[in-house]
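None of these values were measured; they are calculated from a predicted model. Labels below follow one simple rule: chain letters A, B, ... track the order of the sequence lines, proteins then strands, and each chain is numbered from 1.
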Amino acid sequence: MRKKPIYSIIAVVLVVGIYSYDYFLNVKEGEVVKENTKTFYLPTSTTNQVIHHENYSLSYSEPHEQAEWVAYELKASHIQYKNHKRPYFEIDPAVKTGAAHWRNYKNSGYDRGHLCPAGDRRFSKEAHDETFLTSNISPQEHEFNAGVWNRLEQKVRYWAKRNDGVFVVTGGVLQDGLESIGEEGVSVPKQFYKIILDDSGGEIKMLAFLLDHKDSNESLYKFVVPVDSIEAITGIDFFPELDDAIENKLEASSSFKNWKF
DNA sequence: CTGGGCATC
DNA sequence: GATGCCCAG
């Protein structure tokens, strides 16, 4: 072996290469990412810019200067009440096309509305801080953000505790012709969606919400829609790795009988 | 919980 | 730009 080190080097390169290739295959969009022992369901990207952070993934839309979706697992154990100081919003360095600056939001009249809520990532300072990237926010009316949207986020935490974890995919509906704010032109969505998937009970359950970008005192179940209808207006395929028969059945349903409100 | 504005350095 | 303080739904 000592006489022919070149063979050892080649062997190491081959092994590393194969495992790297396998790794990148696994994190390709629409594929399944192994996150510890759980399986993480990722949507497709219409923008070809999927980014994986430690505690959530996203697909960034450069024209709209925000994520078209943010996806993450919310485990029951994630829901803690540790207090962290709110940090400054930072430009997401992983967005190669250049994520928006928070200054676009300043004096715009709109909140920097989290997509992956800070309240869902309070289990560590690192996870909490990671939600303060500008790739994780969208312009939201304060009354909406602190109102019906906040109610929905709290309900998701309730389900995560009750069902021992859920998967969440959320974002604004990005379309042509939206109003925009700031020098970089961050689009202001007219609707926001949130999709919850629970696979803890052996059988997969799915629930989707579509809300107009305005506050409401209506009960949350009034906003339940089939996943199909969100796919139709966003062009995103939300659970492509699910068995087609299961995917088609679940995504066509707007039933919420299996969910306690 | 969800956030903002303003003064200060 | 970063920090601290006071504010609202």
If you assign each of A:W102 and A:G147 to its closest nucleotide in DNA chain C, which residue comes earlier from the 5' end?
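The 5'-side residue here is A:W102.
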For [X] and [N], what is the distance between atoms [atom1] and [atom2] respectively, to the nearest whole Å?
{"X": "A:N145", "N": "C:dG9", "atom1": "CG", "atom2": "P", "value": "15 Å"}
{"X": "A:F132", "N": "B:dT2", "atom1": "CZ", "atom2": "P", "value": "8 Å"}
{"X": "A:H84", "N": "C:dT3", "atom1": "NE2", "atom2": "C1'", "value": "19 Å"}
{"X": "A:E90", "N": "C:dT3", "atom1": "CD", "atom2": "P", "value": "11 Å"}
{"X": "A:F89", "N": "B:dG3", "atom1": "CZ", "atom2": "P", "value": "7 Å"}
{"X": "A:D120", "N": "B:dT2", "atom1": "CG", "atom2": "P", "value": "8 Å"}
{"X": "A:N107", "N": "B:dC6", "atom1": "CG", "atom2": "C1'", "value": "10 Å"}
{"X": "A:H142", "N": "B:dG5", "atom1": "NE2", "atom2": "C1'", "value": "12 Å"}

If you only use heavy atoms from C-beta on, which nucleotide in B:dT2, C:dG4, B:dG5 is closest to the side chain of A:K85?
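The listed nucleotide nearest to A:K85's side chain is C:dG4.
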Look at the side chain of A:A146 and decide which nucleotide, out of B:dG3, C:dG1, C:dG9, has an atom nearest to it.
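Selected nucleotide (nearest to the side chain): C:dG9.
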Is [X] near enough to [N] that one of its side-chain N or O atoms lies under 4.0 angstrom from OP1 or OP2?
{"X": "A:N150", "N": "B:dG3", "answer": "no"}
{"X": "A:R112", "N": "B:dG4", "answer": "yes"}
{"X": "A:K106", "N": "B:dG4", "answer": "no"}
{"X": "A:H114", "N": "B:dG3", "answer": "yes"}

Touch check for [X], heavy atoms < 4.0 angstrom, all strands: base, sugar-phosphate only, or nothing?
{"X": "A:R151", "result": "nothing"}
{"X": "A:D215", "result": "nothing"}
{"X": "A:E143", "result": "nothing"}

Compare all side-chain heavy atoms of A:R157 with those of A:D120 and state whether any distance is below 4.5 angstrom.
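A:R157 reaches A:D120 side chain to side chain.
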A:N136 and A:H53: side-chain donor and acceptor closer than 3.5 Å?
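No, no side-chain donor-acceptor contact under 3.5 Å.
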Donor-acceptor pair between A:E68 and A:S61 side chains, under 3.5 angstrom:
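A:E68 vs A:S61: no donor-acceptor pair found between side chains.
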Knowing that exactly one of A:I204, A:L197, A:T44 qualifies, which makes a side chain to side chain contact (heavy atoms under 4.5 Å, CB included) with A:F239?
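By the side chain to side chain contact (heavy atoms under 4.5 Å, CB included) criterion, A:F239 pairs with just one of A:I204, A:L197, A:T44: A:L197.
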Where each residue is assigned the nucleotide of DNA chain B containing its nearest heavy atom, which of A:S108 and A:N83 is assigned the position nearer the 5′ end?
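Nearer the 5' end of the strand: A:N83.
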With side-chain hydrogen bond (donor to acceptor under 3.5 Å, both in side chains) as the criterion, how do A:D92 and A:Y60 come out once you've worked through the C-alpha distance, each side chain's angles and the decisive distance to 0.1 Å?
CA-CA 10 Å; A:D92 187 345; A:Y60 197 80; over 6 Å; no
